[in-house]
> 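Before we start, here is the structure in question, set down as structure tokens.
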Amino acid sequence: MDKIHIRIGSAVDNQLVIENSGIDAYHLELFSDPDGNVFITDLNTKNGTFVNGRLLKGFTLLSVGDKVVLGQHHLFRWESYIQKKSNTSNSKKINKEIEVPVYATVQNKKINKQLVLIYALIVLVLLLIGFLID
């Protein structure tokens, strides 16, 4: 299974545009990794994202059969956007228009830079504490 990253909302620059009054401009992101794990992230929406009836805060790992609702009424059939594993060579592939590896790479680089900065600050604080104790 290929990794995918899809941003979903009512704004036209999303990979999947849903024009509905209950959908925020940038509502959620759907991720899939090569191992078949699928994650959903609510993008701090005012209308909310619900997984199995529970309001999603941040992100969660989805399982087959999980019910995802955007806003109060829009059922999102997330499984139809994820490529299924198959032993046959005729497996169905995801529409290339919704795959955005460049965006995912840029976002990962931002996260990696932030992590490096955080780790550097932790090391600096530990060194300062070590000097103060001696």
> If you measure from CZ on F50 to NE2 on H73, what distance do you get to the nearest 0.5 Å?
10.0 Å
> Taking all non-hydrogen atoms of both residues into account, name the closest pair between V17 and A11 and its distance.
CG2-O, 3.3 Å
> Using a 3.5 Å distance criterion without hydrogens, assess whether the side chain of D24 forms a donor-acceptor pair with backbone atoms of Y26.
no
> Output the distance between atom OG1 (T41) and atom NE2 (H5), rounded to the nearest 0.5 Å.
7.5 Å
> With a cut-off of 3.5 Å and sequence neighbours excluded, list every side-chain donor-acceptor pair involving residues 59-71.
residue: D66; atom: OD1; partner: N52; partner atom: ND2; Å: 2.9
residue: D66; atom: OD2; partner: S63; partner atom: N; Å: 2.7

> Minimum heavy-atom separation for H27 and N47, please, with both atom names.
CE1-CB, 4.2 Å
> Which value, rounded to the nearest 0.5 Å, describes the distance between L28 atom CG and N14 atom CG?
9.0 Å
> Within the 4.5 Å heavy-atom criterion, are W78 and I40 side-chain neighbours or not?
no
> Under a 4.5 Å cut-off applied to non-hydrogen side-chain atoms, are N37 and F31 in contact?
no
> Can you find a heavy atom in the side chain of F76 that is under 4.5 Å from one in the side chain of T49?
no
> Looking at E29 and R7, would you say the former's side chain and the latter's main chain have a donor-acceptor pair under 3.5 Å?
no
> Roughly how far apart are L117 CG and I122 CD1, rounded to 0.5 Å?
10.0 Å
> Side-chain heavy atoms nearer than 4.5 Å, only ILVMFWY residues, links allowed to pass through others: does that put I118 and V123 together?
no
> As an exercise, state the distance from CD1 of I23 to CD1 of I8, rounded to the nearest 0.5 Å.
9.5 Å
